[in-house]
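Inspection log for the structure reproduced underneath, given as structure tokens.
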Amino acid sequence: MFFFIFIAWIGKPVNAACPLELSPPRVVVRFGDSLSANCTSSSDQTEGMGWESPYGGVDLTDGVTFLPFKIDSVPVWELEPMCYVNSRDGSQCTKVLPVTVYKMPDSVSLKNLRTVKEGQQFAIQCDIVNVAPARSLSVVWHKGNKILNSETFDESSPSPVSKSSVLTLTAHRDDDGAEIWCEAKLNLWPEEQGPPPVRSEEHTLTVLYPPTFIRASDETLDFPAGKSMTLNCNATGNPLPSYRWQFPQAAQEPYKNQNENYPVLTRTFKFPGIYTCTASNTQARHSHLRSAVSQPPSPWQQER
């Protein structure tokens with residue numbers, strides 16, 4: 001029984017009996033703003049209290065159990081004010097007030113912005129200027145309504161520094177026209193508290209890709225000669241494709257002025273054969289075949 005009591009006694013934390021309570025228990029303050037906190041002693045044996053700090057320190061005050069601490073304008077990036085209490089038995093206990101001094105970035109901006117080709121790997125840089133403390137900084141990358149990436153930093157300096165985050169992507173045609181941006185935030189408060197993140201401007205991605213026909217396969221169209229029909233050569237691409245039609249040899253002369261830059265042709269085709277559409281842009285040139293086969297007239301049509 002005595003052995004158990006002895007073990008419990010030597011394992012007791014040294015500060016367990018310290019009667020001090022700090023309110024708030026920690027402080028997050030912007031550089032240059034005011035700071036205030038209270039120190040309260042719950043002991044009835046308190047002789048006096050004080051605050052030790054290079055700024056705003058309070059000398060030992062006798063006969064009090066409550067002592068405020070205040071700085072009108074925080075002038076430094078590191079600050080550890082300490083409240084202490086002297087007891088009538090000559091003992092003293094202390095508690096340090098954890099203080100985090102912060103500064104939001106001067107600016108957040110994107111760099112290395114350029115037009116890219118489909119399949120090309122590229123990098124965009126986000127520059128964050130003069131932020132503190134960088135150990136609490138996170139940079140979040142957005143594309144449209146999606147979060148692409150988040151980065152934090154291993155930084156020991158409490159004073160303002162500049163940081164950069166680089167996002168590497170592979171260009172895809174679906175990204176053409178998408179908005180991308182980054183934002184810098186300090187993770188010093190619970191969600192929805194503290195100042196809002198600082199955002200960069202939005203950048204519209206431009207991805208170049210070759211023409212791709214909306215109808216993927218070539219078609220063989222069976223139609224009576226002399227009837228009106230539609231040939232569709234619509235294609236997507238960036239830059240927007242231009243179109244050129246090639247007609248069967250017999251149709252070259254009649255249609256020589258009709259092969260303009262149109263993706264869709266609707267007209268009367270009098271000649272059978274292969275009608276070819278070519279879609280081109282700066283990335284590639286692709287051809288699409290439309291085979292128009294003329295059917296012989298029916299006996300009823302021959303009689304007429």
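The analysis underlying the following values was restricted to heavy atoms, covering all of them including side chains, and did not include hydrogens, waters or symmetry mates.
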Could you list the residues that satisfy salt bridge (charged side-chain N to carboxylate O under 4.0 Å, His left out) with Arg135, not counting sequence neighbours?
none
On the 0 to 90° scale, with breaks at 30° and 60°, tag the Phe213-His286 ring pair as parallel, tilted or perpendicular.
tilted
Going by distance alone, is a donor N or O of one side chain under 3.5 Å from an acceptor N or O of the other, for Ser136 and Asn187?
no
Look only at the side chain of Ser138 and the backbone of Thr152, and say whether a donor-acceptor pair between them is shorter than 3.5 Å.
no
Ring pair (Phe, Tyr, Trp, His ring centres under 6.0 Å) with His142: which residues, sequence neighbours excluded?
Trp181
Set of side chain to side chain donor-acceptor pair (under 3.5 Å) partners for Lys111, sequence neighbours left out
none
Residues two or more places apart in sequence or in another chain: which of them pass ring pair (Phe, Tyr, Trp, His ring centres under 6.0 Å) with Trp141?
none
Pairs meeting criterion salt bridge (charged side-chain N to carboxylate O under 4.0 Å, His left out) with involvement of residues 162-173, two or more places apart
Glu118-Arg173, Glu155-Lys163
Work out which heavy atom in Lys117 is nearest to a heavy atom in Val207; give both atom names and the distance.
C-CG1, 4.2 Å
Could you check whether any side-chain heavy atom of Val27 comes within less than 4.5 Å of a side-chain heavy atom of Leu79, counting everything from C-beta outward?
no
Asn145 meets the side-chain contact (heavy atoms from CB on, under 4.5 Å) criterion, sequence neighbours left out, with none
Residues two or more places apart in sequence or in another chain: which of them pass side-chain contact (heavy atoms from CB on, under 4.5 Å) with Val166?
Ala123, Gln125, Thr168
Between Val74 and Asp33, does the side chain to side chain contact (heavy atoms under 4.5 Å, CB included) criterion hold? Intermediate values first, please.
CA-CA 6 Å; Val74 174; Asp33 282 2; 5.9 Å; no
Does the side chain to side chain contact (heavy atoms under 4.5 Å, CB included) test come out yes or no for Val116 and Arg114, once each step is laid out?
CA-CA 6 Å; Val116 293; Arg114 57 194 176 95; 4.1 Å; yes
Donor-acceptor contact below 3.5 Å, side chain Asp127 vs main chain Ser109
no
Here the gap from Leu113 atom CG to Ile124 atom CD1, rounded to the nearest 0.5 Å, amounts to 6.0 Å
Across all chains, not counting sequence neighbours, the salt bridge (charged side-chain N to carboxylate O under 4.0 Å, His left out) partners of Glu201 are none
Kindly determine whether Ser41 and Ser43 satisfy side-chain hydrogen bond (donor to acceptor under 3.5 Å, both in side chains), including the steps that lead there.
CA-CA 6 Å; Ser41 172; Ser43 172; 5.0 Å; no
Ignoring hydrogens and geometry, is there a side-chain-to-backbone donor-acceptor pair from Thr206 to Thr115 under 3.5 Å?
no
Evaluate the criterion side chain to side chain contact (heavy atoms under 4.5 Å, CB included) for residue pair Leu205 and Phe122; output intermediate values, then yes/no.
CA-CA 11 Å; Leu205 293 174; Phe122 65 103; 4.2 Å; yes
Between Ala132 and Leu186, which heavy-atom pair has the shortest distance, and what is it?
O-CD1, 3.4 Å
Using atom types as modelled and distance alone, determine if a side-chain donor or acceptor of Tyr209 lies under 3.5 Å from a backbone N or O of Thr236.
no
Donor-acceptor pair, distance only, cut-off 3.5 Å: does the side chain of Ser162 make one with the backbone of Asn130?
yes
May I have the list of side-chain donor-acceptor pairs in residues 52-71 shorter than 3.5 Å, sequence neighbours left out?
residue : atom : partner : partner atom : Å
Ser53   : OG   : Tyr55   : N            : 3.2
Ser53   : OG   : Tyr55   : O            : 2.7
Thr61   : OG1  : Asp59   : O            : 3.0

Donor on one side chain, acceptor on other, Ser242 and Ser280, under 3.5 Å:
no
State which residues pass salt bridge (charged side-chain N to carboxylate O under 4.0 Å, His left out) with Glu78; sequence neighbours excluded, sorted by chain then number.
none
Quick note, disulfide bond (SG atoms under 2.5 Å apart) partners involving residues 113-169, not counting sequence neighbours, are Cys126-Cys182
Residues in salt bridge (charged side-chain N to carboxylate O under 4.0 Å, His left out) with Lys143, at least two apart?
Asp175
